[in-house]
2 protein chains.
Amino acid sequence: MEDVKDYNVHIVGSNRLDNELLHNFLEQSTNPSINCFLNDTFSHSIFQEKTEDTNLVLWDCKDPKRYDHLKKLGKHIPNAPERCYIACINAHPDHKIEKMAINIGVNGVFYENDTLSTLKKGINAILNGELWFSRVTLSATLSSFLINNSCHPPDTNIDEALKVAASLTKREREVLRLIPSLSSNEEISEQLYVSPFTVKAHLRNIYRKIKVPNRVQAIFWLTQNYRLLED
Amino acid sequence: MEDVKDYNVHIVGSNRLDNELLHNFLEQSTNPSINCFLNDTFSHSIFQEKTEDTNLVLWDCKDPKRYDHLKKLGKHIPNAPERCYIACINAHPDHKIEKMAINIGVNGVFYENDTLSTLKKGINAILNGELWFSRVTLSATLSSFLINNSCHPPDTNIDEALKVAASLTKREREVLRLIPSLSSNEEISEQLYVSPFTVKAHLRNIYRKIKVPNRVQAIFWLTQNYRLLED
DNA sequence: CTCTAAATAGTCCTTCCGGTCTATTTCTCT
DNA sequence: AGAGAAATAGACCGGAAGGACTATTTAGAG
């Protein structure tokens, strides 16, 4: 009865020699609880079955065909089970692959000219749930998320937005935050243990204050101004 | 008539000696186009006036009061003009500040025990629009964004979601993507140059296929499944 | 203690939304 | 050329949402 959680690393690539060498290195020179497997085709089962183990697929990108296949895989990756990771190996030292990879949910990229110690460090980081990309890529991607999630379009006045957000009462902020996840005023009223009439009253005040005509636009306002709403 | 874009670095802190030393270092040992200023209080004007220059505020966090003040500043930071950055200096080597900082829109954190060469490298990175945080923090923050934006709650079936997404026609995907930003069926119909009846017909099919009762839930579905919708 | 803002609850009316059903035209694939 | 899917357009109905307005109770600031 084993309680030790294993790390399974699956190398997927067609270059037999290179990958056998890598296999050899991973089995011998890294974390002793790493089990390494070598495949020339990708077994979907890794990304579908839930398991206690941690799985990492190392996707050899040297072959252009396999590189294209990765893009198709993209729709599945973000929905892989917990502790199921995928990283590219043998990538060309070209930033484009990093952006594509990070966007489709790949957890890291290793390059042809990386050192073995980088590879070792990176694999352990990914097995630990981290991402392994260049600082520039991580920074740029995160920046774009932060901008999308909080910055205002250039035509809006931040002072105005702050004033508006501050004018919302505690209860109004509460109602506003419930709009996206609940279908109807009825549901909101049940959630808050008040009458649907009360919810309607709050909503009317909210719409007037944030100057939107309906709940769809209120959701939009909320995504733009979420940060300003904190109590 | 100068066309050279300048970098203005504003050190904000009360420790006169340390900060004068830093001021000295930045003026003499870094990028020649850096102008360095020393303040013991924060001038809001930096974050409000638009300018051609690149501005960086180095916020001394050694003083607990100033650390708290930073949090209050947080609501303004994400809405600062372009090329207007803020970073913490003299932070305790403690991850908590990084997470707080990255969440309120700070562009980087430097620690008490960082080397001068790290500081130099980091300041140049930030002036260049990058973020300067530890790889672990960048990775963790980005992961949380990626999860929020694309992963499905554990109870949903990804195969089912893929099937559903694939069953949407091109026009239906188009209509679905317009829901969050447009108020009414009328507006969507104007955008697509079709009759409001057509939009209603598409919406009915969409709701049936993705199994939601109304546009609010459709927006929710969309945020969860945006990735699956790409053509 | 008092005054005010917030939270609560309601009416009445209009508009828009979503469900069911039908029908025509335009693509697309074989 | 013909079948089938997709896109278009519409009628009809019930219900939910939103606007304008009123009113009572509760809570917090001074």
Side-chain angles (χ1 to χ4, degrees), chain A residues 160-225 228-231, chain B residues 160-225 228-231:
Chain A
E160 178 65 19
L162 269 171
K163 225 185 284 175
V164 166
S167 77
L168 293 169
T169 70
K170 200 181 168 192
R171 198 58 156 173
E172 284 163 2
R173 287 198 294 272
E174 212 169 336
V175 172
L176 183 48
R177 277 189 285 250
L178 286 176
I179 298 178
S181 54
L182 298 179
S183 269
S184 62
N185 297 346
E186 190 72 29
E187 282 182 40
I188 295 173
S189 75
E190 282 164 17
Q191 178 86 30
L192 297 175
Y193 301 104
V194 295
S195 138
F197 296 108
T198 309
V199 172
K200 286 185 71 173
H202 286 309
L203 283 176
R204 282 193 294 273
N205 290 329
I206 292 167
Y207 297 157
R208 182 176 42 77
K209 287 181 181 176
I210 70 177
K211 299 188 191 70
V212 301
N214 56 47
R215 57 214 301 125
V216 172
Q217 291 307 299
I219 294 175
F220 193 75
W221 187 95
L222 186 64
T223 61
Q224 300 269 311
N225 297 82
L228 305 181
L229 236 59
E230 276 157 31
D231 299 310
Chain B
E160 178 65 20
L162 270 170
K163 226 185 283 176
V164 166
S167 78
L168 293 169
T169 69
K170 199 180 169 193
R171 198 58 155 174
E172 284 162 1
R173 288 197 294 272
E174 212 169 337
V175 171
L176 182 49
R177 277 190 285 251
L178 285 176
I179 298 178
S181 54
L182 298 180
S183 269
S184 63
N185 297 347
E186 190 71 30
E187 282 182 38
I188 296 174
S189 76
E190 282 163 16
Q191 178 84 30
L192 297 176
Y193 301 104
V194 294
S195 138
F197 297 108
T198 307
V199 172
K200 288 185 70 172
H202 285 309
L203 283 176
R204 283 193 294 272
N205 290 329
I206 292 168
Y207 298 156
R208 182 174 44 77
K209 287 181 181 177
I210 70 177
K211 298 188 192 71
V212 301
N214 55 47
R215 57 213 302 124
V216 172
Q217 292 307 301
I219 293 175
F220 193 76
W221 188 94
L222 186 64
T223 61
Q224 301 270 313
N225 298 82
L228 306 181
L229 236 59
E230 277 157 29
D231 298 309

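The basis for the numbers below is simple: all heavy atoms, side chains too, and nothing from hydrogens, waters or symmetry mates. Every value quoted in this text rests on a predicted model; they were computed, and no experiment measured them. Proteins get letters first, then strands, A, B, ... in listed order; numbering begins at 1 in each.
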Want to settle it: does B:F197 or B:S167 sit nearer the 5' end of DNA chain D, counting the closest nucleotide to each?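 So the residue in question is B:S167.
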Using the closest heavy atom to pick a nucleotide of DNA chain D for each, name whichever of B:K200 or B:T169 lands nearer the 5' end.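 The answer here is B:T169.
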Using a 4.0 Å cut-off to any heavy atom of chain A, which nucleotides of DNA chain D are the first and last in contact, reading 5' to 3'?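 Boundary nucleotides touching chain A, in 5' to 3' order, are D:dA17 to D:dC21.
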NA contact type, A:T198, heavy-atom cut-off 4.0 Å: base, sugar-phosphate, or nothing?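 Base contact.
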[X] side chain vs [Y] backbone, donor-acceptor pair below 3.5 Å:
X: A:E187; Y: A:S183; answer: yes
X: B:R215; Y: B:I179; answer: no
X: B:Q217; Y: B:P213; answer: no

Range on DNA chain C touched by chain B, heavy atoms, distance below 4.0 Å: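 The footprint of chain B covers C:dC17 to C:dC21.
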On a heavy-atom basis, which atom in [X] and which in [Y] lie closest, and how many Å separate them?
X: B:A165; Y: B:L229; result: CB-CD1, 4.3 Å
X: B:L222; Y: B:R177; result: CD2-CA, 4.1 Å
X: B:N225; Y: B:A161; result: ND2-CB, 3.6 Å
X: B:N205; Y: B:R208; result: OD1-NH2, 3.0 Å
X: A:L178; Y: A:I188; result: CD1-CG2, 4.2 Å
X: B:L182; Y: B:Q191; result: CD1-CB, 4.0 Å

Excluding sequence neighbours, so at least two apart, what forms side-chain contact (heavy atoms from CB on, under 4.5 Å) with A:E174?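 Per chain and number, A:E174 pairs via side-chain contact (heavy atoms from CB on, under 4.5 Å) with A:R171, A:L192.
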When the C1' atoms of the five terminal pairs at each end define the local axes, what inter-axis angle does the helix from C:dC1-D:dG30 to C:dT30-D:dA1 show, to 10 degrees?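 Axis angle across the helix from C:dC1-D:dG30 to C:dT30-D:dA1, nearest 10°: 60°.
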Spatial distance of atom [atom1] ([X]) from atom [atom2] ([Y]) [nearest 0.5 Å]:
X: A:S181; Y: B:I219; atom1: OG; atom2: CD1; result: 12.0 Å
X: B:S195; Y: B:E186; atom1: OG; atom2: CD; result: 9.0 Å
X: A:F220; Y: A:I210; atom1: CZ; atom2: CD1; result: 11.5 Å

With a 4.0 Å heavy-atom cut-off, tell me which residues in residues 180-190 of chain A come close to DNA chain D, sorted by residue number.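 Residues of residues 180-190 of chain A under 4.0 Å from DNA chain D: A:S184, A:N185.
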Among residues 201-216 of chain A, which residues get a heavy atom nearer than 4.0 Å to DNA chain D?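 Correct list: A:R204, A:Y207, A:P213, A:N214, A:R215.
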Is any side-chain heavy atom of A:T198 closer than 4.5 Å to one of A:H202?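 In contact.
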